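Predicted model only: the values in this text are computed from it and were never measured. Just so we're on the same page: letters track the sequence lines, and every chain starts at 1.
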2 protein chains.
Amino acid sequence: MLTHAAEDYLKSIYKLQEKGGKVSTGILAEYLDVKPASATGMIKKLKTMKLVRYERYRGVTLTAAGRAIALEIIRHHRLLELYLFKALGVPWDGVHEEAEKLEHVISEDVEARMDEFLGYPTADPHGAPIPDKNGVVAEVASVPMTDLQNGQSCVVAEVSDNDSALLRHLGSFNLYPGTAFRVIEVAPFEGPFTIDIAGQQVVIGREVAKHVFVDQVRDPDNV
Amino acid sequence: MLTHAAEDYLKSIYKLQEKGGKVSTGILAEYLDVKPASATGMIKKLKTMKLVRYERYRGVTLTAAGRAIALEIIRHHRLLELYLFKALGVPWDGVHEEAEKLEHVISEDVEARMDEFLGYPTADPHGAPIPDKNGVVAEVASVPMTDLQNGQSCVVAEVSDNDSALLRHLGSFNLYPGTAFRVIEVAPFEGPFTIDIAGQQVVIGREVAKHVFVDQVRDPDNV
DNA sequence: AAACTAATTTAGGCATGCCTAAATTATAGA
DNA sequence: TCTATAATTTAGGCATGCCTAAATTAGTTT
């Protein structure tokens, strides 16, 4: 069995590799809140375990074996988030932190029981896809909200899960995965978005919008 | 925050102290499956944290602060056992191992939510009392089954939780906390117990009986 | 092509928590 | 009382995983 730390590294490499290919030591270290020197050390260990491809100064990527473990941990994490949310009523903005600790510790049996209880779900409370038991993840087809144009309507697909305060903020607008909205106005010069959610107008700053990803984008019906 | 290892030591000292006062290094080490030298090391650390009273060669006991932490961990453990059993259907003989890992990792919030879900229970699936949030534990009034005499009837109060095979064995007789039975015969010379559970006669060996604790002992009605 | 800069790696240290082997101590028995 | 034995403690080592500081390297700039 791997250590919790090693599992965290694999999970992080997976996520960073998703958006950007090879993962540099510095980026990884920052993501894990660790010094680059520490990341180098762990990367070397993971390489000897053949979980990672690595050459000095050249960045890391996961091997198939490393990816399988990363997806297993991510599956734990997202099932736990959804379970805590649905079964225990843990608030939206609290499930990530809790799952972060539990993901390393639950058995395959408990994983399977949560999965069954939840009806074999495919997304966590933030809209992130849950890999199935074979490590197959749904493709992410959503685009950042910052790509939207005036008048377009869409549905929230996913929001970043790691900032609790941001999640509370989004929650206060009812901006959950599945929520539909329409862009009323995009202020020029990197300005905020004014959107219509179920008849309510809300203004969303660009920094916040960066963390919201949307689906089913449609141009205005009336031209 | 304490390390998981330190928490395990405190929990173990608490349990051993329950039945036998001062806890020797050797007993503690054996209970934790660790060498005595390692136990000495941790005991010293716990002493500097004032969680434990200790003098060389003289054994350990918990201070009030140490006891409070031990009870908190035990509360986590027992709530988790019951939760896993009731909410997720984890089998009787599997909850202990699972809870052993989770107990160090759940938040107070999740603890409280499980407690509420379970209706503020007072005993885990093995009949062990669950300390309340203030660290108050119910007195254990049960006696070992091996104290029973011919003809006496009683109710199972508690069974040891740490041996999965033993639990499966007891389960196969329906010997759960709350189950009533009557002693038909105690074979002489440290022999087995023949008991009547809801009309079924079963034979229970002494080694097994040592791990069963009973309540509400009554002498036979008809003399 | 040489030099500079920024990123990365190496070297050496520290805490945790375990181990083995050797010393110490308590305690019971001669 | 003195000694033998069994338990305990000390001493020294090892793996993990982090750190800081110093050296190295890649890649760009001049």
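Residues of residues 51-62 of chain B having a heavy atom closer than 4.0 Å to DNA chain D, listed by number: B:Y54, B:R56, B:Y57.
Between the side chains of B:E98 and A:S107, a donor-acceptor pair is found at a separation under 3.5 Å. Side-chain contact check for A:E81 and A:H76: no donor-acceptor pair (N or O, by modelled atom type) lies under 3.5 Å. For the 3.5 Å distance criterion, the side chains of B:R168 and B:S164 qualify, holding a donor opposite an acceptor.
OP1 or OP2 of C:dT10 lies within a sub-4.0 Å distance of a side-chain N or O belonging to A:K44. Contact annotation: B:S24 does not reach the phosphate of D:dA7 (side-chain N/O to OP1 or OP2, under 4.0 Å). Distances shown here put a side-chain N or O of A:T25 below 4.0 Å from the OP1 or OP2 atom of C:dT9.
Rounded to an integer number of Å, the gap from NZ of B:K22 to P of D:dT8 is 12 Å.
Of all the heavy atoms in B:A165 and B:D163, the pair that sits closest is N-OD1, 3.0 Å.
A donor-acceptor pair under 3.5 Å is formed between the side chain of A:K47 and the backbone N or O of A:Y54. A distance-only check finds a donor-acceptor pair linking the side chain of B:R113 to the backbone of A:G89 [under 3.5 Å].
A centroid separation of less than 6.0 Å is found between the aromatic rings of B:H96 and B:H77.
Residue A:G26 is classed as a sugar-phosphate contact, given heavy-atom separations below 4.0 Å to backbone atoms only.
Shown here are the side-chain contact (heavy atoms from CB on, under 4.5 Å) partners of B:R206, two or more places apart in sequence or in another chain: B:T146, B:V186, B:E190, B:F193.
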Quiz prompt | Summary of protein contacts for nucleotides 13-19 of chain C, nucleotide by nucleotide, where a base hit scores B, a sugar-phosphate-only hit scores S (4.0 Å, heavy atoms) | solution = ---SSSB

